[in-house]
*Asks:* 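Before I ask anything, let me first share the structure, which is written out below as structure tokens.
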Amino acid sequence: MPDDSIIEQARTIASQFLAPRAAQADQAAEPPVEQISRLAEAGMLGLTIPPQFGGEGASPNVVRYCLAAIASGCGLTAFVYYQHIVGCRHLAGSSNEALKERMLPALAAGSLICSLAFSHLRRPGPPPLRVRTDGDDWIFDGTAPWMTGWDLADEVLLAGVLADGRSAWALVPLADSEELQASPPARLCAMNASATVSLECRALRVEPQRHVKTMTPAELASDTVRSNIFFTALSLGAARGAVGWLRSSGASDQFPDLVDALDREIASVHAAVDRWDDPATPTDERGDATLLRARCIDLGVRAANAAVVVGGGAANGIEHPAQRLFREAMVYSLIAQTRDLRAATLDLLILRDEGVSA
Ligand SMILES: Cc1cc2nc3c(=O)[nH]c(=O)nc-3n(C[C@H](O)[C@H](O)[C@H](O)COP(=O)(O)OP(=O)(O)OC[C@H]3O[C@@H](n4cnc5c(N)ncnc54)[C@H](O)[C@@H]3O)c2cc1C
């Protein structure tokens, strides 16, 4: 396990501040502003920002451990939070030094919040959001189908596809205008309070001062592999949250095998993810990132389902922690989905034991 006090801090905030407020946050009409402010106070919003811009410059595994801790306490907070730290990671890797100097210190401090709108790049078929050039400017036309944190985020990392197939990424201020219009927030079964909208761009002009980068499809595919490892944190966080609830409900006395088995499985999958993320691990010994993520998705859903079963009828109550974790674990099976991840996730759902009979 990486030795870092910030992980301990994330765990303390998760158990003492986020978890007690999680049911209310889940049912709220608005994103969890107070929770994000608490994370900002602790320096968590600058986790993926280098120290010279006021951030923590944390390693990828420290970032994962912190995100998992936050997800074990409150899925909604983790959901809104990861948009910000992912956006900051992309901006920190940009060669647009002026933009970094202007934006990253405020993003690290949490006085500016960032969201994302690029998952559509992974969809096959005609791009829903296209970009053309006009001199040095980029012009965005079309729809980004998903963006979380409308009214909370100040900026969005928006990406569309250029005529040559590369994607163009820009940091765009979030304000409703003729050129940029948000849909009403989607009604969702999980993360309903995340203020998730679609963004329609009508000849949205973005000047070079706001350009973050371009990526070839191959570079995007390689970033998606890394994303799969990053997103294991959400599912492992839900699994740990479920085991935590099982313990607090007394299930470890009643069903000791269940709690021990889940604990062991979480530790083993976590170790496999850490091994993948360890720069010292030779590439051919890392294992397949997509399969690892699928295993985490499967584990998160099963652990939360176990908590629901132990919770009994009461677990169907809308504020019960077990079914909230179950809904959260479910949505983590869709986030940053790719064709391969979808296939790997479904493969684990196929019952292979021919001996089962009614
Ligand atoms: C509550 C919520 C909030 C979200 N917030 C954000 C956000 O803030 N920013 C953001 O960028 N994204 C966000 N997303 C999107 C999310 O990360 C996933 O990308 C998305 O849920 C996957 O579904 P989709 O509708 O984008 O893609 P789908 O069209 O459902 O496709 C999913 C994947 O399956 C594969 N696939 C689909 N159709 C085919 C086909 N015909 N042939 C081969 N393969 C195919 C593709 O690889 C594709 O990537 C959010 C999603 C949800 C549910």
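In this chain, residues are counted from 1 in sequence order. Whatever order the structure lists ligands and atoms in, that order sets their numbers, starting from 1.
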*Asks:* Would you kindly specify which portion of Ala117 sits under 4.0 Å from ligand 1, judged on non-hydrogen atoms: side chain, backbone, both or neither?
*Replies:*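 The answer is the backbone of Ala117.
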*Asks:* Quick test of your reading of the structure: of Gln337, Met191, Met330, whose heavy atom lies closest to atom 49 (O) of ligand 1?
*Replies:*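 The nearest heavy atom belongs to Gln337.
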*Asks:* Verify the neighbour count for atom CG of Asp176: are there more than 12 heavy atoms of other residues, nucleotides or ligands below 6.0 Å?
*Replies:*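 Yes, CG of Asp176 has more than 12 neighbouring heavy atoms, counting only those of other groups under 6.0 Å.
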*Asks:* Quick one: does Val331 get an N or O within less than 3.5 Å of an N or O on ligand 1?
*Replies:* no
*Asks:* Would you say that more than 12 heavy atoms from the other residues, nucleotides or ligands in this model lie under 6.0 Å from the CG of Asn316, or not?
*Replies:* no
*Asks:* Within 45° of the axis and under 6.0 Å from the centre of the six-membered ring of Phe230, does NZ or CZ of Arg226 qualify?
*Replies:* no
*Asks:* In the protein, what heavy atom is nearest to atom 10 (C) of ligand 1, and what distance, to one decimal place, separates them?
*Replies:*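 Protein heavy atom at minimum distance: Ser119 OG, 3.4 Å.
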*Asks:* Tell me the protein heavy atom at minimum distance from atom 9 (N) of ligand 1, and give that distance in Å.
*Replies:* Leu116 O, 2.9 Å
*Asks:* Under 4.5 Å between side-chain heavy atoms, counting indirect links through other Ile/Leu/Val/Met/Phe/Trp/Tyr residues: same cluster for Leu204 and Val212 or not?
*Replies:*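 Different clusters.
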*Asks:* Does the N or O separation between Tyr82 and ligand 1 drop below 3.5 Å for any pair?
*Replies:*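 In this structure, Tyr82 places no N or O atom under 3.5 Å from an N or O of ligand 1.
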*Asks:* So is Ala336 close enough to ligand 1, meaning a heavy atom under 4.0 angstrom away?
*Replies:*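 A heavy atom of Ala336 does come that close to ligand 1.
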*Asks:* Applying a strict under-4.5 Å side-chain criterion to I, L, V, M, F, W and Y, I'd like to know whether Tyr82 and Val33 cluster together.
*Replies:* yes
*Asks:* Would you indicate whether Glu97, at its atom CD, is surrounded by more than 12 heavy atoms from other residues, nucleotides or ligands within a distance under 6.0 Å?
*Replies:* yes
*Asks:* Say whether Asn61 and Ser59, considering side chains only, have a donor N or O and an acceptor N or O under 3.5 Å apart.
*Replies:* yes
*Asks:* Between Leu188 and ligand 1, which residue portion shows a heavy-atom distance shorter than 4.0 Å: side chain, backbone, both, or neither?
*Replies:*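 For Leu188, the contact with ligand 1 is made by the side chain alone.
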*Asks:* Is the CD atom of Gln24 crowded by more than 12 outside heavy atoms at less than 6.0 Å?
*Replies:*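 No, CD of Gln24 has 12 or fewer neighbouring heavy atoms, counting only those of other groups under 6.0 Å.
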*Asks:* Any idea which protein heavy atom is nearest atom 22 (C) of ligand 1, and the distance to it?
*Replies:* Leu334 O, 3.6 Å
*Asks:* Answer yes or no: are there more than 12 heavy-atom neighbours, outside Arg339 itself, under 6.0 Å from its atom CZ?
*Replies:* no
*Asks:* Atoms of ligand 1 less than 4.0 Å from Gln83 heavy atoms?
*Replies:*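 Per the distance check, 7 (C), 8 (O), 9 (N).
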*Asks:* Considering Arg339, Arg123, Arg342, which one's heavy-atom position lies nearest to atom 27 (O) of ligand 1?
*Replies:*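 Among Arg339, Arg123, Arg342, the closest heavy atom to atom 27 (O) of ligand 1 belongs to Arg123.
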*Asks:* Under 4.0 angstrom from ligand 1, any heavy atom of Met147?
*Replies:*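 Contact check Met147 vs ligand 1: positive.
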*Asks:* Do any nitrogen or oxygen atoms of Ala190 lie less than 3.5 angstrom from nitrogen or oxygen atoms of ligand 1?
*Replies:* no
*Asks:* Suppose I only count heavy atoms of Thr196 and a 4.0 Å limit; which atoms of ligand 1 are within that range?
*Replies:*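 This gives 3 (C) as the contact atoms.
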*Asks:* Hydrophobic clustering (ILVMFWY, side-chain heavy atoms < 4.5 Å, transitive) - are Ile49 and Leu39 grouped together?
*Replies:*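 Yes; Ile49 is reachable from Leu39 via cluster members.
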*Asks:* For ligand 1, which atoms, with element, lie under 4.0 Å from some heavy atom of Thr338?
*Replies:*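 Answer for ligand 1: 47 (O), 49 (O).
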*Asks:* What protein heavy atom sits nearest atom 2 (C) of ligand 1, and how far off is it?
*Replies:*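 The closest heavy atom on the protein side is Phe79 CZ, 3.6 Å.
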*Asks:* Which protein non-hydrogen atom lies closest to atom 23 (O) of ligand 1, naming both residue and atom, and how far is it?
*Replies:*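 The closest heavy atom on the protein side is Trp146 NE1, 4.2 Å.
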*Asks:* Could you check whether the rings of Phe118 and Trp169 sit parallel, tilted or perpendicular, using 30° and 60° as the cut-offs?
*Replies:* tilted
*Asks:* Run the numbers for me: atoms of ligand 1, each under 4.0 Å from some heavy atom of Arg122, listed by number.
*Replies:* 46 (C), 47 (O), 48 (C), 49 (O)
*Asks:* Is the number of heavy atoms from other residues, nucleotides or ligands within 6.0 Å of CD (Glu30) greater than 12?
*Replies:* no
*Asks:* Ignoring hydrogens and angles, tell me if any N or O in the side chain of Ser252 forms a donor-acceptor pair with the backbone of Val259 under 3.5 Å.
*Replies:*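 Not at all, since once roles are kept as given, no pair shorter than 3.5 Å links the two residues.
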*Asks:* What part of Phe118 sits under 4.0 Å from ligand 1 if we count only heavy atoms: the side chain, the backbone, both or neither?
*Replies:* backbone
*Asks:* What I want to know is whether Thr148 and ligand 1 share at least one N or O pair that is separated by under 3.5 angstrom.
*Replies:*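 For ligand 1, there is an N or O atom that lies under 3.5 Å from one belonging to Thr148.
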*Asks:* For atom 39 (C) of ligand 1, what is the closest protein heavy atom, and at what distance to 0.1 Å?
*Replies:* Pro124 CG, 3.3 Å
